[in-house]
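Some notes on the structure that comes next.
The sequence lines fix the lettering, A, B, ..., with proteins before strands; numbering per chain opens at 1. Quick caveat: nothing in here was measured; it's all calculated off a predicted structure.
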Amino acid sequence: MKCALVGNPSVGKSLIFNQLTGLGVEVSNYPGTTVELQQGKLCYRRLPLEVVDLPGVYSLDGDSQEEELVRSYLVNEPPDRVIAVLDATRMERNLYLLLQLAEYKIPTVVVLNMIDEAMEQGLSIDQGKLSELLGIPVVETAASLGQNIDRIVPAAMHDAAVSDLSVPYTPEIEAAVRSLEKLYGAPRLAALQALQGIGHDAPLLEGAQAIATEIEARNHMAPGQIIAANRHLYARQISREVIGAREPDRHFSLDRLLTKSFPGIPILCAVLLSMLIVVFTAGSFLEGLIVDAFSTFVIEPFSALGLPPLLHALGMAALLAIVAGLGIAFPFVFIYYILLSIVEDSGYLTRAAFLADRAMHSLGLHGGAIIPMVMAFGCNVPAVMAAGQLRTTRERTIAAFLITMVPCSARTVIITGIVAAFVGLGAALSVYLIVLVLVVLTGIILARSIPGGQYGMILEMAPLRRPDATLVIKKSWQRIKEFLFIAMPLLLAGSIVLGALDYFGWVAAFSEAVSPVSEGLFGLPAEATTALLFGILRKEMAFETLAVLAGTADLAAVMSAVQLYTFAVISVLFVPCISTIAVLLKEMGAKVTTMVSAYTIALGFFVGALIHLITG
Amino acid sequence: MSSSVREDCLEAILALSGKDCRPVSEAEVGGAVEADTAEVMAALRTLVTGGDITREGEGYMLTPQGKKTAESVFRKHRVLECFLSEMLGMDTGAASKEACVLEHGVSDETIDRLSTYIQGPGRHRSMRRGSGHRPRHTLLDFAEGDTVEVTMIRCTGKNRRLMDLGVIPGEKIILQRKLGNNAVVVTVKGADIALSPEIASTIFAEKAA
Ligand SMILES: Nc1nc2c(ncn2[C@@H]2O[C@H](COP(=O)(O)OP(=O)(O)OP(=O)(O)O)[C@@H](O)[C@H]2O)c(=O)[nH]1
Ligand SMILES: [Mg+2]
């Protein structure tokens, strides 16, 4: 038995999915969080049940990637049940989608989510009436409070029904549908889709096209528009019947400040800057505590053991990896993720997108692209996936370049762990400034040189919400888990291998080979360049390798401030990590991936050499 | 209209040549196509030059390319015929004649008159906003806080999402915010939607009463 969650973006599908399956897919307060189909399993009265979380869509007849994904999923592998999630505060538009969904004739149960917010806004919804009009059961939920979530699966299993609701279309549309049914034996759904140019049945599409042209000539409106208008009208009628009087909303809305150029833009800058500063100061503070504790209580006793040299070297490498990983990256990355989650969940990102729309246009993108760019601060991988949703190849290519330049959490580890900790706060911020300038320059150049049209932004603003503490912690934990259980073991293994290589003198041989470049070009010790190369595997690796090769986590003891700074800048700029390269390959193709990699390598080396040149 | 005569000629040759693909004479084509002889002659000449038909003794034969076009015209004809008869409930003969004219696109005027005749006056008018008087104001001509009624949207094909969000002719929306650079936020069906300037300028509206 398979159940699919379908609904508008940001209605809480993924949150419900997580609560049903116990998994931890991304939940964020902006449209387009989920971009791929997610599957999970659960047991209901000993019956295995598969739940599928789908990307949010505004329509099933649209041409955007996520709309095509959901449509083809519903057509090609129809689930046994649909759980239609509606946002109770935006009923009318949510019903518009439900009306389309009803045409797929899949047994459905309606989940009326966000009921807590509806109540707060003084909205009263007649649930019984809604259920009666739709002919399907309705469950009212507040997913963020966990309210009534346990009723969803039983309702889906026992009460789900195929809605007999059918939109009264204009006579022309009905006539067109009947003609297509008659002549091509097409089902109603396929006929409606064909009229809008959707489908793969060539003769049907040809016939539908002939009628569509005729209808358009008569009405100055394409069938798609007429169909949409009919559905909107019907959705309005239903919502009028079920929604009681609404008290006018007199709350002071923060949007009065946030979406104005002033003080909106200063606020935007302040938010970004304060995030970085908090991360740097709190991160460095914790880092100091943990590294000190580790050296006194673990490293020194270990050194005092007097183990055989090989064992000592390997153990030391492992311990250093742990110190560097747990002690430096963990407290800091965690804080970073928490701040990022707070911003994501507050709904602020869509405001930032609106304010930045103009600026993004000069980079060949539009305001909506801010969202993947901010996601990139966490990790470039999901950001590249989100950028895959942009509409043109031009936009996707530009976004791919810019996103891979954004310092992700791993690179922020390097910036904080090396620059903020050993050089200074101002220096650390200046790294961001350098990156920002380079991102802008790259964007402007790409926008000028890549031909192609530009689409504008049509972005639904997420409602502003106070982020829920448990959800924020959960999400940050979900992300840090990836670091702890996938990256850490890798880093550990990598460090031990490195320790062994070092012990047998192979690293020294390699370092000797790269030392002319390293010292001549960047003024860096050879092991720093070796570390940079390891950074391709994972960006934190650059840092760890450096610590292992230098034999201490206190890098200031072995390298000068300028050297540390140069090292950090190069490793932040050059080459995305392996995972990013893999996802780039999947989403953007080999050509873009190669270009991005080559460009970032060149950029990293160029800027590194430049710094060396300037500082002499 | 000559392209429609050409298509009609192709279709007539297809129908008349039958299974054994015999050549079809000029007189036969002229009899089947509703146009004066001079036009038919001209159309046939163009078709020969275009490689759609060839002369075979006394008559014309379809080339493979011409056959393809003719068949597509025929299918279009059949679909429209069915559509019109569904619409009108008229007998197939009359619909067939109707479709014959319509399949090549008549002037909007004719169709407009026709559709009023079909659906009864008034019924149709609400669907056709903006055909009488051109809307003059885009969303950008209004001030923050204005409630406006959408009259028309340019390039809907490109921005289908607008339609799905409820920005359609007749919908009342509130212009919530307009930045100096003309990026706007509008409230549609209770949701705030941010639009780039170039999108906002495709939305025509008038002040709501
Ligand atoms: N107040 C309130 N907030 C909710 C409720 N359900 C979900 N949210 C919040 O709404 C936001 C969107 O939730 P998601 O689960 O990511 O929404 P989604 O439908 O998966 O969105 P897409 O993946 O973009 O389609 C999150 O910030 C949730 O915390 C609810 O019942 N009440
Ligand atoms: Mg989701």
Side-chain angles (χ1 to χ4, degrees), chain A residues 58-59 61-64 89-93 96-97 170-172 174-176 178-180 182-183 203 206-211 213-214 217-222 224-226 228-229 232 236 255 259-261 350-351 353-355 357-358 361 366-368 454-461 463, chain B residues 72 75-80 82-88 102-103 105-106 108 111-112 114-115 118-119 123-124 127-131 153 156-171 176-177 179-183 185 188-200:
Chain A
Y58 292 109
S59 164
D61 292 342
D63 49 9
S64 70
T89 63
R90 293 172 183 191
M91 270 297 263
E92 202 180 310
R93 208 198 51 223
Y96 171 81
L97 179 71
T170 322
E172 271 125 323
E174 290 292 352
R178 276 205 301 277
S179 312
L180 296 175
K182 249 191 207 161
L183 287 181
E206 189 198 46
Q209 177 59 43
I211 298 181
T213 318
E214 166 66 17
R218 286 172 174 240
N219 298 296
H220 305 281
M221 262 181 143
Q225 273 172 290
I226 301 177
H232 275 305
R236 168 161 296 171
D255 265 339
T259 59
K260 276 200 176 139
S261 303
T350 48
R351 272 82 189 162
F354 173 62
L355 288 177
D357 183 55
R358 159 87 156 269
H361 269 76
H366 60 71
Q454 188 159 356
Y455 276 100
M457 162 181 69
I458 305 177
L459 181 72
E460 182 180 10
M461 301 268 239
Chain B
S72 132
R75 284 195 303 265
K76 211 162 77 179
H77 191 155
R78 198 174 57 130
V79 160
L80 284 179
C82 181
F83 170 62
L84 285 172
S85 66
E86 282 290 344
M87 283 278 302
L88 308 175
L102 290 178
E103 84 196 77
V106 203
D108 286 351
I111 291 173
D112 282 356
L114 221 138
S115 45
I118 296 160
Q119 300 186 335
R123 181 87 177 275
H124 206 61
M127 292 296 303
R128 269 190 15 245
R129 252 163 242 281
S131 66
I153 297 156
T156 21
K158 194 169 145 200
N159 298 314
R160 161 145 197 151
R161 173 145 305 164
L162 277 182
M163 207 157 83
D164 290 322
L165 287 168
V167 184
I168 51 171
E171 184 75 26
Q176 207 60 259
R177 176 76 67 226
L179 293 188
N181 60 30
N182 280 338
V185 176
V188 190
K189 293 181 187 289
D192 287 349
I193 315 285
L195 303 173
S196 284
E198 68 268 32
I199 304 250

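Annotation: maximal heavy-atom pairing with chain B below 4.5 Å, among Ala210(A), Gly368(A), Pro463(A), Gly456(A), occurs at Gly456(A). When each of Leu183(A), Leu180(A), Thr213(A) is checked for heavy-atom pairs under 4.5 Å with chain B, Leu183(A) comes out on top. Of the residues considered (Pro203(A), Ala176(A), Ala208(A)), Ala176(A) shows the highest number of contacts with chain B, using heavy-atom pairs under 4.5 Å. Highest contact tally toward chain A, considering only Leu162(B), Ile168(B), Leu179(B), is held by Leu179(B) [criterion: heavy-atom pairs under 4.5 Å]. When each of His366(A), Gln225(A), Lys182(A), Glu174(A) is checked for heavy-atom pairs under 4.5 Å with chain B, Gln225(A) comes out on top. With chain A as the partner, the residue from Arg177(B), Gln176(B), Met163(B) showing the most heavy-atom pairs under 4.5 Å is Arg177(B).
What you find for Met221(A) and Pro169(B) is that their closest heavy atoms are CE-CG, 4.1 Å.
In this structure a side-chain-to-backbone donor-acceptor pair under 3.5 Å is present from Ser59(A) to Asp61(A).
Contact of Ala222(A) with chain B is not made at all, since no heavy-atom distance falls under 4.5 Å. The contact between Ser64(A) and chain B is made entirely by side chain atoms (from C-beta outward), counting heavy-atom distances below 4.5 Å. Contact annotation for Glu171(B): only side-chain heavy atoms (C-beta onward) come within less than 4.5 Å of a heavy atom of chain A. Glu460(A) touches chain B through backbone and side chain together, each having a heavy atom under 4.5 Å away. In this structure, chain A has heavy atoms under 4.5 Å from both the backbone and the side chain of Leu195(B).
The shortest distance between side-chain heavy atoms of Arg358(A) and Ser261(A) does not fall below 4.5 Å. In this structure, the side chains of Arg93(A) and Leu165(B) come closer than 4.5 Å at one or more pairs of heavy atoms.
Scanning for salt bridge (charged side-chain N to carboxylate O under 4.0 Å, His left out) contacts around Asp357(A) gives an empty result, with sequence neighbours left out. For His232(A), the ring-ring contact (aromatic ring centres under 6.0 Å, His included) criterion is met by Tyr96(A), not counting sequence neighbours.
Within a 6.0 Å radius of CZ in Arg236(A), other residues, nucleotides and ligands contribute more than 12 heavy atoms.
Note that NE2 of His77(B) is 12.0 Å distant from SG of Cys82(B), once rounded to the nearest 0.5 Å.
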